[in-house]
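See structure below.
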Amino acid sequence: MAQPRHASPHWWRSAVIYQVYVRSFADGDGDGTGDLAGVRARLPYLAGLGVDALWFTPWYVSPMKDGGYDVADYRAVDPAFGTLAEAEKLIAEARELGIRTIVDIVPNHVSDQHPWFRAALAGGPERALFHFRPGRGPHGELPPNDWRSEFGGPAWSRLPDGDWYLHLFAPEQPDLDWSHPAVCQEHEDILRFWFERGVAGVRIDSAALLAKDPDLPDFVEGEAPHPYVDRDELHDVYRSWRAIADEYGGIFVGEVWLPDTERFARYLRPDELHTAFNFSFMTCPWDAGRLRGAIDETLAEHAPVGAPATWVLCNHDVTRTVTRYGRADTGFDFATKAFGTPTDLVLGTCRARAAALLSLALPGAVYVYQGEELGLPEADIPLDRIEDPMHTRSGGIDPGRDGCRVPLPWAAEAPYAGFGSREEPWLPQPADWASYAADRQAADAGSMLALYRRAIELRPAFGDGPLTWLPAPDGVLAFTRVRGATCVVNLADAPADLPAHTELLLGSGPLDIEGRLPKDTAVWLRA
């Protein structure tokens, strides 16, 4: 068996981890939906990219009311993707190529088709595993409290018997009651199930939302503790999980959105989660001061607990990097799609190339969402093809997340850009998708794919030591790491002189005729 690219037990501290959204990665059986057979066929591509691990969004049995994050059975693979045996083969084959596997766990809620919830609706004792409450008002016609769903609208739905149940996301995703021992035990068993099948780690969805105030009070802005976010009792759950991970040499990465840096760091104490996603960097506009502030704050909040930072430019929930960075920086939410904002894809691609070198030079782990290495922009999805519940629940105001989930282009001359389908994929590809195809980029030394491959190959030049900022003009970020490699990113309007160096290792674009760094360009230098 091949050794993993990072044989150290601390591989996760500096790994490059590639996020696979299975439904849109590659179609192995031609039915229009990506599957595990498609991923297995593309493992050589991923090995050639040089990544250390693959993080898979949920591949479990699901009605797909929220892209697989509504899980009906954690111990089986959805037939649209393949079988459990095929998942086991994928884990083993990736490991043969030196690539670890991370699976996704969604502990806050299950699908309304989960056996527990179906039994609860039938009046069984499983009702105690969820948050069922009578309504308010003279006839119980009002929700039990004023909580709002993350997808818009009330966080409660009423049943024919008059009771209401809690769902912080879609109605098809009822929240579990984590004060019940059976809920805790079930998830510990699920962790063991997947660790025993060879996964190296687990990504925890909505990791700060599990525990709720047992009184389920109305939400009061600014009141502490929050009734359902970042509650103290949640840390006992993750301590018990950490003990299980340590048995198998596994790791956790948590999806933790918290503005309080001290509270955030508590999840990364040595007996809890190994890492947590850093979202402040991802949501920054293309501004040197803002990006440096996000980097400094991220490193500072991780330092007290000795945890490595994580860096990500995009994932399955946010607008793709090329599109975000191609917009004017004028007050919209950079993590979501803005209506009526024109996008300059040439500018966005230039900045996305520079951002790739910036993120890959920072200390810690880097997550790369599928298609970012191809420079894919956000796709416009026809209204009648949007599947994301965020769009429906918002009354059409929110465009949803399907624009970053469009099936990947693999072969420029093949039908549906080589995604593998005999019929149109589950989401339509833009007409120009073939121009981004992996086979075309593999033959182009100046492509985004070539840049990512070379950057991941050269990344060890920075070592795993701390970051030291270097003097630089306004609008320019320059830092070095312990081995002497230097990263310089020019976000100013004018070209910038490079610091003294012995070799230019890599550039996101060419230098100007005077050897200066143009705007929206990054380089790696050897001191």
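Computed from a prediction, not measured in an experiment: that's the story for all the values here.
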Item to complete: May I ask you to check whether Trp410 and Phe419 place their ring centres under 6.0 Å from each other?
Response: no
Worksheet item: What pair of heavy atoms forms the shortest contact from Arg351 to Tyr325, and how long is it?
Response: NH1-O, 3.0 Å
Worksheet item: Would you call Val61 and Val77 a side-chain contact if the rule is heavy atoms closer than 4.5 Å?
Response: no
Worksheet entry | Any residue meeting side-chain hydrogen bond (donor to acceptor under 3.5 Å, both in side chains) with Glu457, in chain and number order, not counting sequence neighbours | Arg454
Worksheet item: What pairs of residues pass the salt bridge (charged side-chain N to carboxylate O under 4.0 Å, His left out) test when at least one of them lies in residues 242-254, not counting sequence neighbours?
Response: Arg192-Glu247, Arg242-Asp246
Item to complete: Please tell me if the side chains of Asp205 and His109 come closer than 4.5 Å, counting only heavy atoms from C-beta onward.
Response: yes
Fill in: SB check Arg401 Asp66 (cutoff 4.0 Å)
yes
Discussion item. Tell me if the centroids of the rings in Phe130 and Phe117 come within less than 6.0 Å of each other.
Written reply: yes
Item to complete: Start with the C-alpha gap between Phe281 and Trp311, add the side-chain angles, then the distance that decides, and say whether ring pair (Phe, Tyr, Trp, His ring centres under 6.0 Å) holds.
Response: CA-CA 7 Å; Phe281 179 77; Trp311 310 99; 5.2 Å; yes
Worksheet item: Does Arg324 use its side chain to pair, donor to acceptor, with the backbone of Thr283 at less than 3.5 Å?
Response: no
Discussion item. Any donor-acceptor pair under 3.5 Å linking the side-chain atoms of Asp104 with those of Trp55?
Written reply: yes
Fill in: Side-chain H-bond candidate by donor/acceptor type, Ser421 with Asp27, under 3.5 Å
yes
Worksheet item: Between Lys89 and Glu86, is the closest basic N to carboxylate O distance under 4.0 Å?
Response: no
Fill in: Within the 6.0 Å centroid threshold, strictly below: Tyr60 and Trp194
yes
Practice prompt. Compute the ring centroids of Trp59 and Phe81, then answer whether they are less than 6.0 Å apart.
Written response: no
Worksheet item: Can a salt bridge be assigned to the pair Glu272 and Arg266 using a cut-off of 4.0 Å between side-chain N and carboxylate O?
Response: no
Worksheet item: Between Arg405 and Asp317, is there a salt bridge with N-O shorter than 4.0 Å?
Response: yes
Item to complete: Return the minimal non-hydrogen interatomic distance between Val366 and Leu360, and the atom names on each side.
Response: CG1-CD2, 3.8 Å
Discussion item. Taking ring pair (Phe, Tyr, Trp, His ring centres under 6.0 Å) as the criterion, tell me which of Tyr238, Trp241, Trp12 meets it with His274.
Written reply: Trp12
Worksheet item: Charged N to carboxylate O below 4.0 Å: is that the case for Asp70 and Lys65?
Response: no
Fill in: Closest contact, heavy atoms only, Gln441 versus Leu374
NE2-O, 2.8 Å
Fill in: Test item: Ile105 and Tyr74 side chains (from C-beta on) under 4.5 Å apart, heavy atoms
yes
Worksheet item: Do Pro308 and Thr275 come within less than 4.5 Å of each other through their side chains, counting heavy atoms only?
Response: yes
Practice prompt. Return each pair, listed once, that meets side chain to side chain donor-acceptor pair (under 3.5 Å) where at least one residue sits in residues 358-372; pairs must be two or more places apart or across chains.
Written response: Arg320-Glu372, Thr321-Glu372
Worksheet item: For the residue pair His187 and Trp178, is the inter-centroid distance of their aromatic rings smaller than 6.0 Å?
Response: yes
Worksheet item: Do Asp35 and Thr33 have a side chain donor and acceptor closer than 3.5 Å?
Response: no
Worksheet item: Can you name the nearest heavy-atom pair linking Gly375 to Val322, along with the distance?
Response: O-CG2, 3.6 Å
Fill in: Presence of salt bridge, Asp175 and Lys212, under 4.0 angstrom
yes
Worksheet item: Does the distance from a Lys or Arg side-chain N to an Asp or Glu carboxylate O, for Glu126 and Arg118, drop under 4.0 Å?
Response: no
Worksheet item: Phe25 ring centre to Arg23 NZ or CZ under 6.0 Å, with the angle to the axis within 45°?
Response: no
Worksheet item: So do the side chains of Val368 and Gln19 get within less than 4.5 Å of each other, counting heavy atoms only?
Response: no
Worksheet entry | Distance-only donor-acceptor check, side chains Ser240 and Glu188, under 3.5 Å | yes
Item to complete: With the side chain counted from C-beta on, respond yes when Tyr248 and Leu191 share a heavy-atom pair under 4.5 Å apart, and no when they do not.
Response: no
Worksheet entry | Cationic N near anionic O, under 4.0 Å, Glu88 to Arg40 | no
Fill in: Between His316 and Thr57, a side-chain donor and acceptor under 3.5 Å
no
